[in-house]
2 protein chains.
Amino acid sequence: MTTENRFMQIGEVSERTGVTQRTLRFYEEKGLLNPPARMEGGFRLYSEDDVQRVELIRQLQKLLGFSLAEIKDMVEAEEIKTQLRAESRDNKANEARQRRLRKAIEVTEKQVEIIDNKIEQLSQMRVHWCTKLARYHEVLRQIEESLSSASPLPPN
Amino acid sequence: MTTENRFMQIGEVSERTGVTQRTLRFYEEKGLLNPPARMEGGFRLYSEDDVQRVELIRQLQKLLGFSLAEIKDMVEAEEIKTQLRAESRDNKANEARQRRLRKAIEVTEKQVEIIDNKIEQLSQMRVHWCTKLARYHEVLRQIEESLSSASPLPPN
DNA sequence: TATAACCTTGACGTAAGCGGCAGGTTAGAC
DNA sequence: GTCTAACCTGCCGCTTACGTCAAGGTTATA
């Protein structure tokens, strides 16, 4: 039950993620996606991980409004996940793994903090708009009253 | 206790909002800010409402990630608040006010819906990252164990 | 082996969102 | 009146995040 080891060409990734091929190449160029494997002829071969990465990038962009430059730093923390899988299990490498893990934890905690912050601000904004909504409703009610009382046909 | 009826020049608004003068003129040009009053010589005179509008724009831009074009539509609903204040209280205009109010309510409700949506997505994202964080911690714990058991000095 | 469908790099284009001048005008204090 | 800081309207430039050809190479299928 390891992750499916299929490889996809750029067209399939594009369809699955809804991101254009141009944009996929652009992300690669900017270091947001690590250069995928290639076929003999040079065609890119993407993994399942790459697809997830693309989806992460889009989320960070649209939900959190980060620039691609910022996202680049953030996804570099993601790298570690892949590294962990690929790494050998000998004690020799363990201290290095530890360091990277701590780094990843630090970065991820910051991400969560940013998200919390955003949620908080959005909640405040929500309150603000709801208050305004209530005022509108109140004013509307008053107008309706005044109209009905001034009407030639009093209510009931 | 009506809202303070002071007028400010562009420099003061810029300082208070942290938005450059260039950007204020740009927003006006794009229809995000309605053209402010002017002095005889042509200097712009902004009201307290304008400042609030600017702050709203920036919130919508940064928190919700809307484009200026989208924000333009949204702030037009805000307009109504100002209109309500300025309008006469006679029955003649009340039906028009009613229509505008209903429109404002409709738009504002949509805003709240969008915000709710965003909060929901962010919450999901938060869970996702926290899960990953837990995994990192777990792996880290395992490594620490294996290192200490292999160490020449067993713990305690 | 031909041909369609897919891919490659490279270069130029574009919309949004401003920054930063230049060259001239105005407000307000002295 | 005059001086200076603050303001005005262009206008060109920049960055980000891609879109859009163009000209050609690759792969799968008949």
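Protein chains get the first letters and strands the later ones, always in sequence-line order, with residue 1 at the start of each.
- Residue B:F43 is found in a hydrophobic cluster whose other members, listed by chain and number, are B:F7, B:M39, B:L45; membership requires side-chain heavy atoms under 4.5 Å apart, directly or through intermediates.
- The number of heavy-atom neighbours closer than 6.0 Å to CD of A:E15, taken from other residues, nucleotides and ligands shown, is 12 or below.
- To the nearest 0.5 angstrom, B:D73 atom CG is 9.5 Å from B:L32 atom CG.
- Between the OH atom of A:Y27 and the P atom of D:dT16 there is a distance of 14 Å, rounded to whole Å.
- For residues 19-29 of chain A, the set of pairs meeting the salt bridge (charged side-chain N to carboxylate O under 4.0 Å, His left out) definition, not counting sequence neighbours, comprises A:E28-A:R38, A:E28-A:R44.
- Counted by atom type alone, B:E138 and B:Q142 present one or more donor-acceptor pairs between their side chains at under 3.5 Å.
- Atom CD1 of A:I10 and atom P of C:dT8 are 5 Å apart (whole Å).
- Computed from coordinates, the B:R58 CZ to C:dG17 P distance equals 10 Å when rounded to whole Å.
- Put simply, the side chain of B:H128 does not reach to within 4.5 Å of the side chain of A:I115, judged on heavy atoms.
- For the residue pair B:E120/B:Q124, the side-chain donor-acceptor check at 3.5 Å is satisfied.
- In this structure, CZ of B:R38 is placed 14 Å from C1' of D:dA6, rounded to the nearest angstrom.
- Shown here are the side-chain hydrogen bond (donor to acceptor under 3.5 Å, both in side chains) partners of A:E106, two or more places apart in sequence or in another chain: there are none.
- Listed by residue number, the members of residues 60-71 of chain A with any heavy atom below 4.0 angstrom from DNA chain D are A:Q61, A:S67, A:L68.
- With no hydrogens or angles considered, no side-chain donor-acceptor pair links B:R53 and B:Y46 at under 3.5 Å.
- Residues of residues 14-24 of chain A that place a heavy atom closer than 4.0 Å to DNA chain D, in numerical order, are A:T20, A:R22, A:T23.
- Residue B:R44 places no side-chain N or O under 4.0 Å from the OP1 or OP2 atom of D:dC7.
- In B:Q121, the CD atom is crowded: over 12 heavy atoms of neighbouring residues, nucleotides or ligands sit closer than 6.0 Å.
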Anything under 3.5 Å between a protein N or O and an N or O of nucleotides 22-30 of chain D, put it in a table, one pair a line.
from	atom 1	to	atom 2	distance (Å)
D:dT27	OP1	A:G41	N	2.9

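- Atom CG of B:L45 and atom C1' of C:dT26 are 12 Å apart (whole Å).
- The distance between atom CZ of B:R25 and atom P of D:dT9, rounded to the nearest whole Å, is 7 Å.
- For the atom pair B:T131 OG1 and B:R135 CZ, the distance stands at 7.0 Å (nearest 0.5 Å).
- Atom CE of A:M8 is separated from atom P of C:dC7 by 12 Å (rounded to the nearest Å).
- Atom-to-atom, NZ of A:K30 to P of D:dA17 comes out at 8 Å; the value is rounded to the nearest Å.
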